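Single-structure report; data block below.
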Amino acid sequence: MQGSKVRKVAVTAAAVLAAVTLAACSSSSSSSSTKTTQVSLKTAYNNTGKTDSSATTNGTLKVAEPNDSPFEGISDPVLSTNQEDADVFSPSGGQPGNQDGLFNTNKDYKIINGGLANLKLDRKAKTATITIRKNAKWSNGMPVTAKDVEYAYEVIANPNTTSQQYSSDFNAIKGLAAYHNGKAKTISGFSYPDGQTGRVAVIHFSRMAPSMQYSGNSFIWGTVEPYEYIKNVPISKLASSDQVRKNPIFTGPYKLDKVVEGESTSWSPNKYYWGKKPQIKHIVISVVSDSNIDKAIQSKKYDFVIPGGVLHGTDYKELKNTKGYQIVGKPALSYGYFGFNVGYYDTKTQKNVMDKNSKMANVKLRQAMMYALNLDQLNKKFGNGVTWRANTLIPPIFSKYYDKSAKGYQLNIKKANQLLDEAGYKKKGKWRVQPNGKKLTIYFGAMQGTSTQEAEYQDYLQQWHKIGLHVVFATGKPMEMNSFYDTLQKTKQNKIDVYDASWGLSSEPTPTAIYGETATYNMGHFVSKENTKLMNEMNSSKSWNSAYRVKIFKQWQQYMNKQAAYAPDNFSYDWEPVNKRVKGFDVSPANNEFWSNLSLTSSSMK
């Protein structure tokens with residue numbers, strides 16, 4: 001998907017190759033510690049059936065996007081924050097979650113040649129040279145230019161932008177900080193050897209980072225913006241413009257034919273696509289409620305669920321043996337987490353600020369709340385092997401950096417009570433009060449979801465009540481997803497003290513764009529010198545040494561677990577049922593032509 005890395009999660013967890021998104025929560029799943037009876041899934045459905053040329057060229061591929069909320073409809077990956085938007089506009093890119101992506105990747109998400117553009121890093125000169133392929137065009141026939149590469153950074157860093165992809169790592173680009181602060185009208189760190197309408201953009205850095213070698217890193221944005229098409233729209237109004245909402249253009253294999261607001265998108269082949277010619281004539285992606293998705297698949301209304309779309313452990317139990325479908329999946333580029341509101345975002349300095357007087361400022365209170373939860377039991381009950389308790393804030397798909405030895409938060413009621421006693425949260429009747437003796441009510445924010453998720457939320461409340469904490473739903477009940485994130489993303493809010501959410505990650509694990517001091521996605525506003533130091537060190541000159549970089553990542557995971565300002569909830573598989581008439585389905589990161597490789601073996605579903 002794009003160029004920075006957070007996904008709103010509404011996280012679900014698609015292969016957001018470049019952006020981070022907010023996602024809808026997935027239910028928990030699996031075992032104690034990190035050992036679990038996880039399922040074993042293949043990344044591809046090896047359908048050996050013969051392609052039916054008539055079905056492929058005249059038929060319609062029907063894809064489901066499971067969600068209880070309508071998608072927002074922001075097609076631009078620079079401006080979009082919800083995973084659902086990335087999902088429903090997915091055919092505009094080579095891979096799911098890679099709209100207008102610049103680069104191809106190998107199985108480890110390392111950038112390789114052969115995509116819309118090639119990347120050349122020069123550590124000595126401190127430059128990244130992006131060379132666009134000769135036949136690259138937008139879906140309206142316009143050529144892709146060097147200015148299209150640069151303009152993405154202008155949109156991200158503009159002082160009036162609505163994009164949430166900016167983080168301090170981008171300041172390594174010369175002149176970008178001055179542009180971001182409104183002190184310069186252009187970004188001086190870009191040069192164009194053959195002009196802005198040419199094919200080469202050179203980015204000049206003050207420092208180089210090892211993460212630059214991988215898609216989704218927080219220094220080099222991974223998508224392009226159609227400058228000529230949108231240049232006359234003020235950046236502050238771009239997200240609501242017709243160019244983004246109604247008539248967007250793309251660089252991928254399919255062009256958008258129709259949007260039914262919040263409900264569906266329809267696609268047909270893009271005749272200007274530079275890559276492999278797409279084989280299927282029509283694609284329709286439709287939002288299906290969580291309560292209906294299982295029956296919809298079982299009644300063969302959809303060919304598959306969009307890769308990265310949120311499916312739960314209870315869905316897996318219902319769908320794993322559905323006739324006519326093959327289950328495909330891989331470890332998710334996402335995770336569930338608990339966040340605590342410990343500060344605010346200062347719009348003047350454009351930095352997050354910790355508030356030592358905030359309700360959740362006490363680290364022992366946060367730790368106690370996590371030790372009170374029985375996440376292992378919930379995962380065993382509802383996960384069915386596709387979700388399990390998380391032990392860190394780096395998911396295991398990043399096997400090199402993931403700290404499997406971290407304990408995370410296992411149930412320990414005795415320790416939870418001890419921590420609260422030590423911190424001065426004494427019981428006064430049924431509930432504990434603040435150390436100053438005042439009443440303590442903690443407001444829990446959660447998104448609407450399935451009956452299973454509702455049951456999990458109730459379990460959280462019961463467990464917190466067991467240790468004497470008066471925790472209640474922030475609005476009296478779980479919130480609609482968009483309202484939930486709208487509340488959390490206010491610069492300062494006191495409606496939600498603790499919340500359960502998910503991240504859809506980019507394909508490079510540096511967490512600066514989520515938990516950095518300047519990150520707008522740092523919705524709990526946790527900031528510390530040590531956190532900043534460790535995240536900066538992940539991409540320091542020393543970290544070109546892989547062993548050193550791994551050590552820093554593991555130190556960061558242990559540190560964040562101890563601070564518990566953000567605490568791990570669950571890991572999962574990205575999995576989807578695929579109808580057996582679909583051929584060429586492969587969610588491997590190395591399949592850079594996901595949509596073009598699809599064909600059909602029959603005019604009707606199996």
Side-chain angles (χ1 to χ4, degrees), residues 1-5 15-20 77-78 93-95 97-137 143-154 156-157 165 167 169-170 172-174 176 187 189-196 198-225 227 251-252 274-275 506-510 512-513 538-539 541 543-544 546 549 589-593:
M1 218 170 123
Q2 306 122 354
S4 123
K5 81 189 284 180
V16 180
L17 300 186
V20 185
V78 170
Q95 295 174 291
N98 195 25
Q99 299 158 270
D100 298 329
L102 276 167
F103 309 119
N104 278 2
T105 63
N106 67 12
K107 63 181 179 63
D108 298 315
Y109 297 106
K110 192 169 187 177
I111 294 171
I112 59 174
N113 288 343
L116 179 70
N118 292 339
L119 174 68
K120 182 179 179 182
L121 300 176
D122 188 329
R123 289 179 62 188
K124 186 175 181 181
K126 297 181 182 177
T127 59
T129 300
I130 296 172
T131 304
I132 301 163
R133 61 189 308 124
K134 291 180 179 179
N135 59 339
K137 292 183 178 181
V144 180
T145 68
K147 181 63 178 179
D148 295 342
V149 174
E150 186 272 346
Y151 199 58
Y153 297 82
E154 288 193 35
I156 290 170
Q165 299 295 348
S167 78
D169 284 347
F170 282 124
I173 299 172
K174 291 184 177 180
L176 192 135
I187 303 171
F190 278 83
S191 61
Y192 312 92
D194 53 359
Q196 292 188 6
R199 296 171 41 239
V200 182
V202 181
I203 310 176
H204 301 262
F205 293 91
S206 59
R207 64 187 178 98
M208 301 295 281
S211 66
M212 292 177 180
Q213 304 168 92
Y214 295 89
S215 171
N217 71 78
S218 51
F219 294 86
I220 301 172
W221 184 258
T223 71
V224 282
E225 287 285 283
Y227 174 71
T251 60
W274 55 267
S506 77
S507 40
E508 202 288 316
T510 306
T512 314
M538 291 171 184
N539 284 301
S541 57
S543 285
W544 286 90
S546 180
R549 192 170 196 243
N591 181 19
N592 293 288
E593 293 278 17

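If you're wondering where the values come from, they're calculated on a predicted model, not measured in any experiment.
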Check whether Asp108 reaches the backbone of Lys110 with its side chain - one donor and one acceptor, N or O, closer than 3.5 Å. no
What's the shortest heavy-atom distance between Val200 and Pro193, and which atoms? O-CD, 3.5 Å
Checking Thr129 side chain against Val202 main chain: does a donor-acceptor pair fall under 3.5 Å? no
Leu121 to Ala128 - nearest heavy-atom pair and separation: CD2-CB, 3.8 Å
I'd like to check Arg123 versus Trp544 (side-chain heavy atoms, cut-off strictly below 4.5 Å). Are they in contact? yes
Does any part of the side chain of Trp274, heavy atoms only, come nearer than 4.5 Å to the side chain of Val144, both counted from C-beta? no
Roughly how far apart are Asp148 CG and Ile130 CD1, rounded to 0.5 Å? 12.0 Å
Is there a donor-acceptor pair closer than 3.5 Å between any side-chain N or O of Asp100 and the backbone N or O of Thr251? yes
When rounded to the nearest 0.5 Å, the distance separating CD of Glu508 from OG1 of Thr105 is 13.0 Å
Give me the atom names and distance for the closest heavy-atom approach of Pro210 to Arg549. CG-NE, 3.7 Å
Roughly how far, to the nearest 0.5 Å, is CG of Leu102 from OG1 of Thr223? 6.5 Å
Nearest heavy-atom pair of Gln95 and Ala590: which atoms, and what distance? NE2-N, 4.5 Å
Do Ile156 and Phe170 have side chains that get closer than 4.5 Å, going by heavy atoms? yes
Sidechain-backbone polar pair: Ser218 side chain, Ala513 backbone, donor-acceptor under 3.5 Å: no
Taking Asn539 for the side chain and Ser211 for the main chain, is one N or O donor matched with an acceptor at less than 3.5 Å? yes
Is the shortest side-chain heavy-atom distance between Ile220 and Phe205 below 4.5 Å? yes
For the atom pair CD1 (Ile111) and CD (Gln213), what is the distance rounded to the nearest 0.5 Å? 9.0 Å
Heavy atoms, side chains only, cut-off 4.5 Å: are Ile187 and Glu154 in contact? yes
Between Ser507 (side chain only) and Ser215 (backbone N and O only), is there a donor and an acceptor less than 3.5 Å apart? yes
Shortest non-hydrogen pair, Ala152 vs Glu225, comes out as CA-CG, 3.5 Å
In this structure, CG of Asn592 is separated from CG of Asn98 (nearest 0.5 Å) by 8.0 Å
Are side-chain heavy atoms of Phe219 and Arg207 found at a separation under 4.5 Å? yes
Can you tell me if Lys126 uses its side chain to pair, donor with acceptor, with the backbone of Met208 under 3.5 Å? no
Under 3.5 Å: donor-acceptor pair, side chain of Tyr153, backbone of Trp221: yes
Would you find a donor on one side and an acceptor on the other, under 3.5 Å apart, between the side chain of Arg199 and the backbone of Thr131? no
So which atom in Pro77 and which in Gln99 form the shortest heavy-atom distance, rounded to 0.1 Å? CG-O, 3.9 Å
Drop me the distance from Glu150's CD to Tyr192's OH, to the nearest 0.5 angstrom. 3.5 Å
